[in-house]
Amino acid sequence: MGRVTSDTTATDAAAQHAPEPPGAPPVWQRRLRRFGLPARPQTDVRARLVPAFPEPSGRLWAVFGAGPEAAARLTRWSGWLGPLLVALFAGVLRFWNLGSPRKVIFDETYYPKDAWSLLQYGYEGTWAKNANDALVGHPPQLLLSPEHSYVVHPPMGKWLIAVGEGLFGMNPFGWRFMVALLGTLSVLLVCRIGRRLMRSTALGCLAGALLAVDGLHFVMSRTALLDLIVMFWVVAAFGCLLVDRDRTRARLAGALPVGPGGVPLPDEGVGGRLRLGWRPWRIAAGLCLGLATATKWNGLYYLAAFALMAVLWDVAARRTAGARHPFRSALRRDVLPAFGATVVVALATYLASWSGWIATKGGYYRDWATSPEGRTGHWTWLPDWLRSLWHYQTEVYSFHTGLTTPHAYQSNPWSWLVLGRPVSYFYEDPKAGQDGCTAAEGCAREVLALGTPLLWWAACFALLYVLYRWLFQRDWRAGAIVCGVAAGYLPWFLYQERTIFLFYAVVFVPFLCLALAMLIGALIGPPGSTERRRTIGAVGAGVLVLLIAWNFIYFYPLYTGMPIPKSAWHHRMWFDTWV
């Protein structure tokens, strides 16, 4: 009896020290299962690396009268047809009457004029004090001189605005054209990103449609400011990293050995030592992040967050493929190439965006290195243009961190998600018979940078849901959405004394829409749910989406500067802080 116990104990001890099989969950996960953490479903390792897109059904097209062949063809095209239709809808909304108001509104007093100056001189010149009125006068006048002016944002976003001005002239439609185009394309990107992320064309198109009817995104798409341009490049970078993730995992899956029955098996050699080769989509992501940073510096936070997220995706892929020490493997084989593809490429892109300033001699601080102050120090061996540019960047950093001038529409980031203090870009109160006003009481015309309230308030619950999915169900998709929101939102809490505004939040609005689409997908119910469950969920989800669309329509006059009776304007001021 004692011998049996001794042998059993020895066997248990040997089992405890035996090497874990490839793909086994970490010890900390096995311990947490005692407290209810669900085990990861045991599926084909190749399917875990690259989940397949569900086979779409042609029933929807058959309902509209399409024949079997036409329904099959439309179903195959739905992955692009649906997103393109949503983007077309968004484009019509954004380009309709884009030149109205025919005014220089809010910070358009800076960027369109800087953009036109870049076209003329390669650097930002100086405009006369009455230049805004002259630009929209009859006839318009361009009161620009070549004397350099001090600007505090990199030039990339202004170069993009300049493209529209070069095509259509220095007028409201011209300087808003490229921003409206990027706003429309961002809707298309979100549709495709949502489809790839959630493996559902319907949910991807829903995320894009939500973005199309968000008031803040809509207003920013029709105003020549820089923040929507940053948002576009951030979303593009996110999409590039998703494609890179799928392709990298497919490469790992293709290299796995096949066991009995044709089932792929985790393999230490593949997971731990396989080199992942040329990764052009990651380089494209670095380029996009560089363009975001070259528009406004908050792109740097996304550069850091997305670069770290991409490496963690590599770690997870190697662990799934069979690596015993995935962090060590990623550190040896993935971190340095990832740094080069993101950080180095982004830095080179940022420097290239200053080409106009470098190539000319008239820009602000361009000749600082040749001044008495610039000739001193330990870095005089560097090129003059590089030292001058570095000095310029340090001065800009001091400006941004020290900006505390009070503003009537500034807000604390704590209030952003609940839309505590939107920003009024334009306001007029025409009398009856003026500017299209037909109300005897007089009218109000306003362009208010306000997100669609029901969308944003629902997104608050969606954020809680994706946090739950990420932390407790280990859903990487939810974690990616959380990363996109956090990188655009949390850094502003470091600068609560600085003068900041709600419209900065437009950078992470696409990720709020993705979170809400994921929540709506959960409301409808997962595949395999009963018909009753999915019917109830679909009705609830449909009601929510229709209410959000109605909410956008209700506030549409405040997004476009349409003249409405003053009483109607007051009815839309739901909170005192919105006035």
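Bear in mind the structure is a predicted one, so any value in this text is a computation, not a measurement.
- T184 places a side-chain N or O within donor-acceptor distance of the main-chain N or O of A180, the cut-off being under 3.5 Å.
- Residues F511 and V485 approach most closely at CB-CG2, 3.6 Å, considering heavy atoms.
- Side-chain contact check for R282 versus C240: every heavy-atom pair is 4.5 Å or farther apart.
- T349 contributes no side-chain N or O that, together with a main-chain N or O of G290, makes up a donor-acceptor pair within less than 3.5 Å.
- Between Y350 and W297, the closest side-chain pair of non-hydrogen atoms falls below 4.5 Å.
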Side chain to side chain contact (heavy atoms under 4.5 Å, CB included) evaluation trace for M156 with L160 = CA-CA 7 Å; M156 189 64 236; L160 286 173; 4.0 Å; yes
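- Remark: W457 CH2 is packed, more than 12 non-hydrogen atoms of other residues, nucleotides or ligands lying under 6.0 Å away.
- Between the side chains of H217 and T452, no donor-acceptor pair of N or O atoms lies under 3.5 Å.
- For K296 (side chain) and P154 (main-chain N/O), no donor-acceptor pair under 3.5 Å exists by modelled atom type.
- In this structure, the side chain of R324 does not engage the main chain of E268 through any donor-acceptor pair within 3.5 Å.
- Atom CH2 of W476 sits in a crowded spot, with more than 12 heavy atoms from other residues, nucleotides or ligands closer than 6.0 Å.
- Ring geometry, F218 versus F552: the interplanar angle exceeds 60°, so the pair is classed perpendicular (tilted spans 30 to 60°).
- Two residues are said to be in side-chain contact when any heavy atoms from C-beta on lie closer than 4.5 Å; P413 and I500 meet this criterion.
- No close placement of the F238 and Y302 rings is indicated, their centers lying 6.0 Å or farther apart.
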Stepwise side-chain hydrogen bond (donor to acceptor under 3.5 Å, both in side chains) check, S411 with W416 = CA-CA 8 Å; S411 59; W416 288 1; 2.9 Å; yes
Given the rule in the side chain to side chain contact (heavy atoms under 4.5 Å, CB included) test, do T293 and W233 qualify, once you have shown the distances and angles that lead to the verdict?
-> CA-CA 9 Å; T293 306; W233 293 120; over 6 Å; no
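- A distance of 6.0 Å separates CG in L312 from CZ in F327, rounded to the nearest 0.5 Å.
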Steps toward side chain to side chain contact (heavy atoms under 4.5 Å, CB included) verdict (V179, F232) | CA-CA 9 Å; V179 185; F232 173 81; over 6 Å; no
Under the side chain to side chain contact (heavy atoms under 4.5 Å, CB included) criterion, do L182 and L228 qualify, and how do the steps go?
-> CA-CA 8 Å; L182 295 181; L228 185 124; 4.2 Å; yes
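- In this structure, L185 CG and M178 CE are separated by 8.0 Å, a value rounded to the nearest 0.5 Å.
- No side-chain donor-acceptor contact under 3.5 Å links Q496 to the backbone of N412.
- A 4.5 Å side-chain heavy-atom check between L265 and V45 finds every atom pair outside the cut-off.
- In this structure, CG in L84 is found 11.5 Å from OG in S78, a value given to the nearest 0.5 Å.
- The two residues W354 and P155 have their closest heavy-atom pair at CE2-CD, 3.6 Å.
- Inter-residue side-chain proximity for T530 and R533 is flagged as met; some heavy-atom pair is nearer than 4.5 Å.
- At a threshold of 4.5 Å between non-hydrogen side-chain atoms, the residues W313 and L241 count as touching.
- Looking only at distances, no side-chain donor or acceptor of R195 sits under 3.5 Å from a matching main-chain atom of T201.
- Atom CG of residue L455 and atom CG of residue L211 lie 8.5 Å apart, to the nearest 0.5 angstrom.
- R534 CZ: more than 12 foreign heavy atoms inside a 6.0 Å radius.
- In this structure, CD1 on I520 lies 5.5 Å from CG on L210, to the nearest 0.5 angstrom.
- Taken from CG in D334 to CG in D314, the straight-line distance is 4.5 Å, to the nearest 0.5 Å.
- The minimum heavy-atom distance linking L544 with A458 is given by the pair CD1-CB, 4.3 Å.
- Proximity of a side-chain donor or acceptor of T223 to a complementary backbone N or O of M220 within less than 3.5 Å is not detected.
- Among all heavy-atom pairs drawn from A449 and L216, the shortest one is CB-CD1, 3.9 Å.
- For A90 against A212, the heavy-atom pair with the smallest separation is CB-CB, 3.8 Å.
- Applying the side-chain hydrogen bond (donor to acceptor under 3.5 Å, both in side chains) criterion to T248, with sequence neighbours excluded, gives R279.
- Under the side-chain hydrogen bond (donor to acceptor under 3.5 Å, both in side chains) criterion, R333 pairs with no residue, sequence neighbours left out.
- Residue pairs satisfying the side chain to side chain donor-acceptor pair (under 3.5 Å) criterion with at least one member in residues 477-487, sequence neighbours excluded, are listed as follows: D475-R477.
- Contact annotation: the side chain of R469 never approaches that of R474 to less than 4.5 Å [non-hydrogen atoms, C-beta and beyond].
- Between H325 and R318, the side chains place no donor N or O within less than 3.5 Å of an acceptor N or O (distance only, hydrogens not considered).
- When all heavy atoms are compared, the tightest approach of T499 to Y504 is O-OH, 4.0 Å.
- A heavy-atom distance below 4.5 Å is not found between the side chains of C460 and L464.
- Aromatic ring pairs are classed by plane angle as parallel below 30°, tilted from 30° to 60° and perpendicular above 60°; the pair W379 and W381 is tilted.
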